[in-house]
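Position 1 is the first residue of the sequence, and the numbers go up from there.
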Amino acid sequence: MCRRSGSNRGAKVIPIFAGGLDFSGPTQRYLVDPITGKPFVNAVVSLTGFALVGGPARQDHPKAIAALQKLDVPYIVALPLVFQTTEEWLNSTLGLHPIQVALQVALPELDGGMEPIVFAGRDPRTGKSHALHRRVEQLCTRAIRWAELKRKTKEDKKLAITVFSFPPDKGNVGTAAYLNVFSSIYSVLSDLKKDGYNVEGLPDTPEALIEEVIHDKEAQFNSPNLNVAYRMNVREYQALTSYASLLEENWGKPPGHLNSDGENLLVYGKQYGNVFIGVQPTFGYEGDPMRLLLSKSASPHHGFAAYYTFVEKIFQADAVLNFGTHGSLEFMPGKQVGMSDACYPDSLIGNIPNIYYYAANNPSEATVAKRRSYANTISYLTPPAENAGLYKGLKQLAELISSYQSLKDTGRGPQIVSSIISTAKQCNLDKDVPLPEEGEELPPSERDLIVGKVYAKIMEIESRLPPCGLHVIGEPPTAIEAVATLVNIAALDRPEDGIISLPGILAATVGRDIEDVYRGSDKGILADVELLRQITEASRGAITAFVEKTTNSKGQVVNVANNLSNILGFGLSEPWVQYQVHQGRQGEAEGSVWVPGGVLEARGTGQ
C-alpha cells in the first residue's frame with residue numbers, strides 16, 4: 001500500500017510474489033479478469049528490476065509484450081540498488097552502475113517498461129536493502145497518477161502540451177526536428193475534440209493557432225509577442241516550488257531576468273478548455289546551452305521552474321505531452337540514470353505523467369528522455385526522403401562524363417577529361433577526389449580511372465536522401481513521396497527472410513555480384529560506375545511503377561497482395577517489368593525483359 005506521512009493514499013494494491021523468472025503467467029492469473037479479459041488494475045509496478053520474462057541472462061520480449069498488451073495499462077519497472085551502496089549512488093554523477101543500467105533498465109525497456117525509479121538503497125556494512133522513503137513516495141505517486149488516467153473521464157482530463165525552440169536557444173518557438181509542430185498539434189487536438197475531450201475555443205486552422213499562441217510564426221523565445229498565459233508572483237512561486245531556494249546560487253533571487261517582467265514570473269502559452277499549450281523556457285545560458293549540462297553546480301533558472309510549477313500545481317495537468325525532438329527538461333543537471341531527489345529532471349516533472357513525441361531516427365536522445373524525465377515516448381516518422389539530384393556545375397559535370405563515355409575513342413578524350421577536371425575543381429570535388437593538374441597528359445587507363453572516381457562521387461551526391469518537408473502527426477507520407485526510401489529498402493539483402501536485394505538480382509542477370517559492382521564503383525572503375533548507375537535507375541523506375549499501380553486516391557499504397565503477386569516476381573504483368581517494357585527495353589526473346597547489359601528471363605524466383 002502506498003503511504004504518505006503515515007496515511008493511506010487511497011490506492012487498492014494487489015501484490016504478487018513470484019519465485020521464478022517468468023512473470024507473464026502471474027500477471028495474467030492475478031491481474032486480468034478471466035471472464036471479461038479486462039485487467040483488474042489501472043497500473044502495474046514491477047519491483048523485480050528484471051524484464052517481465054527472463055532474468056539477466058535470457059529474455060523473451062515477444063512473450064512479455066504479448067502479456068503486457070493484454071494488460072494494456074502503464075507498466076513501471078522500479079529497481080533497488082545492487083552494485084552500489086546508498087551513499088555511493090547519492091555521490092555519483094553517473095547514478096546507477098553501468099552494469100545495472102544494462103541489466104535492469106535497458107532490458108525492461110525492450111518490454112515497454114518505463115520510469116526506472118530507485119526505490120531501495122543498500123547498507124554499506126550489512127549489504128541489506130532498505131527503503132528510500134522519498135523515492136518510494138515518488139514511485140507511488142507517479143503510479144497513481146498514471147492509474148488515474150484510466151479512471152478519469154475524457155471531458156475532465158487536463159492536458160499540458162509543451163512546445164520548444166529547436167535547436168534549443170536558437171530556433172524559432174514551436175519548432176522541432178523534422179516535425180511541423182503546430183500543424184501536428186492542431187491535428188491531435190482536432191482528434192481529441194472528436195473523441196470527447198474539452199478543447200473549447202480551438203481555432204479553425206493551424207495558422208490561427210500559431211497566431212493565438214505566439215503571435216508570430218518566426219518568433220524567437222525572447223520575442224515580446226508571445227502570449228502570456230499566467231503571471232506568477234514571487235510569493236506564490238516560492239510557496240509552490242520546494243526547490244526554489246536552491247536555484248538562487250546560480251540565478252539570484254526570483255523573479256530574475258528570464259521569463260520575467262521584473263515583478264512576476266511569466267508563463268507563455270494559451271489555454272483551450274482543458275488543454276494548455278505552453279512554451280518551454282530556454283536553458284538560460286544563451287549561446288552556450290551546453291554549459292548547463294556540463295556544470296555540476298548549475299541549475300535551471302526560476303522561469304524554467306515556474307513553468308513546470310504552473311503546469312503541475314496551478315493548471316493541474318493530468319499529463320504533459322511534449323511535441324517533438326527535443327526540449328531541455330531531460331538535459332537538466334542531475335544523474336545520468338537513476339534520479340535522486342536532488343536531480344532537477346525529477347524535481348521539475350514532479351508527479352505528472354510525461355508523454356513525448358520523439359523522432360524515430362533519434363533513439364539515443366529519446367532514451368535520455370525516458371530515463372531522466374520519465375518520458376513515455378511515441379515515435380513519429382521523419383519526413384520521406386528524396387534524392388538530392390544534381391544542379392548547376394554538378395549537372396554540367398555529369399553531361400561531360402556522358403560525352404566522354406561516347407567520344408573517348410574519337411581523339412577528343414583528353415580534351416573532355418581536361419574539362420571534367422576543371423569543372424570538378426570548380427565544384428570543390430578535389431577535396432574528396434584526388435585530381436591531377438589541368439593540362440597534364442594522362443594515359444587512357446588513367447583518364448578512365450579519374451573520370452570513374454569523379455562519376456562515382458557525383459552519383460553519391462545525387463543519391464543522397466535529404467528529408468522532404470516536415471512530418472505532420474496523423475498524416476502518413478504519400479507513396480510517391482516515399483519512393484526514394486522504398487528504393488533504399490529494396491536495396492537491402494534480408495538473408496533471414498531469404499530475400500535478395502533488387503540491385504543484387506539485376507546485377508546477377510549480367511553475371512555480376514552486386515558487391516563486386518559496389519567495390520568497383522568505389523575504386524572509380526568507369527564500367528562499374530556506369531553499370532551501378534543503370535542498376536540504380538532500373539530500381540527507381542521499378543519501385544515507382546509498383547507504387548503507382550498500388551496507390552489509392554489518397555496517395556497511399558493499398559492492396560499490395562492483390563496488385564502484386566510478388567514484389568520481386570518476374571511475371572510480365574508485374575509493374576516493375578511493365579516499366580522496362582514501356583521504356584522500350586523489351587528483350588529479344590519472348591517473355592524476357594531488358595535489364596542493364598542483358599536479358600532477364602521471365603520466371604519466378606521464390607522471393
Side-chain angles (χ1 to χ4, degrees), residues 166-167 170-172 175 177-178 287 290 359 361-362 382-470 481 483-485 487-488 491-492 503 514-541 596:
F166 183 82
K170 297 183 184 297
N172 293 342
T175 52
Y178 305 117
M290 296 305 290
N361 69 339
N362 194 353
T382 54
E386 65 177 1
N387 291 104
L390 300 176
Y391 60 96
K392 294 185 179 178
L394 294 174
K395 194 169 185 178
Q396 180 185 354
L397 197 54
E399 292 168 354
L400 284 170
I401 292 171
S402 179
S403 298
Y404 175 77
Q405 288 178 293
S406 58
L407 300 173
K408 66 178 181 178
D409 296 325
T410 64
R412 295 183 58 190
Q415 179 184 350
I416 298 174
V417 169
S418 179
S419 296
I420 288 172
I421 292 171
S422 174
T423 305
K425 288 183 176 180
Q426 290 174 14
C427 295
N428 295 319
L429 293 189
D430 53 329
K431 292 179 171 57
D432 301 299
V433 179
L435 297 172
E437 295 296 325
E438 296 176 38
E440 183 180 335
E441 292 190 13
L442 302 168
S445 60
E446 196 166 334
R447 288 200 297 267
D448 277 3
L449 187 61
I450 289 169
V451 173
K453 287 181 178 179
V454 173
Y455 196 5
K457 190 63 186 178
I458 64 172
M459 274 189 61
E460 177 190 328
I461 294 171
E462 182 183 17
S463 62
R464 285 174 180 163
L465 297 172
C468 176
L470 295 171
E481 285 176 335
V483 163
T485 303
V487 168
N488 280 269
L492 299 173
I514 190 64
E515 294 300 326
D516 289 338
V517 177
Y518 289 145
R519 283 190 288 269
S521 176
D522 290 342
K523 292 177 181 177
I525 298 173
L526 188 57
D528 285 346
V529 178
E530 174 61 18
L531 177 59
L532 182 57
R533 182 193 67 79
Q534 293 180 354
I535 289 173
T536 302
E537 281 191 2
S539 296
R540 286 177 186 164

Donor-acceptor contact below 3.5 Å, side chain Ser539 vs main chain Ile535: yes

Side-chain donor/acceptor of Ser402 to backbone N/O of Ala398, under 3.5 Å: no

Under the side chain to side chain contact (heavy atoms under 4.5 Å, CB included) rule, collect the residues that match up with Asp516, sequence neighbours excluded. Arg512, Asp513, Arg519

Once you round to the nearest 0.5 Å, how far does OG1 of Thr175 lie from CG of Leu470? 9.5 Å

Would you tabulate the side-chain donor-acceptor contacts of residues 443-456 under 3.5 Å, counting partners in other chains and residues two or more places apart, or write 'none'?
from	atom 1	to	atom 2	distance (Å)
Arg447	NH1	Leu442	O	2.8
Asp448	OD1	Tyr404	OH	2.5
Asp448	OD2	Lys408	NZ	3.3
Tyr455	OH	Glu530	OE1	2.8
Tyr455	OH	Arg533	NE	2.9

Does Ser418 use its side chain to pair, donor to acceptor, with the backbone of Pro414 at less than 3.5 Å? no

Inter-residue atom distance Ser403.OG - Ile416.CD1, 0.5 Å rounding: 5.5 Å

Out of curiosity, Leu397 CG to Ile421 CD1, how far, rounded to the nearest 0.5 Å? 10.5 Å

Could you go through Ile401 and Val529, starting from their C-alpha distance and side-chain angles, then the distance that decides it, and tell me whether this counts as side chain to side chain contact (heavy atoms under 4.5 Å, CB included)? CA-CA 11 Å; Ile401 292 171; Val529 178; over 6 Å; no

Rounded to the nearest 0.5 Å, what's the gap from CD on Glu399 to OG on Ser419? Could you check? 12.5 Å

Considering non-hydrogen atoms only, spot the tightest contact between Lys425 and Leu435 and give its length. CG-CD1, 3.9 Å

With sequence neighbours excluded, tell me which residues meet side chain to side chain contact (heavy atoms under 4.5 Å, CB included) with Glu460. Lys457, Arg464

Stepwise side chain to side chain contact (heavy atoms under 4.5 Å, CB included) check, Leu532 with Asp528: CA-CA 6 Å; Leu532 182 57; Asp528 285 346; over 6 Å; no

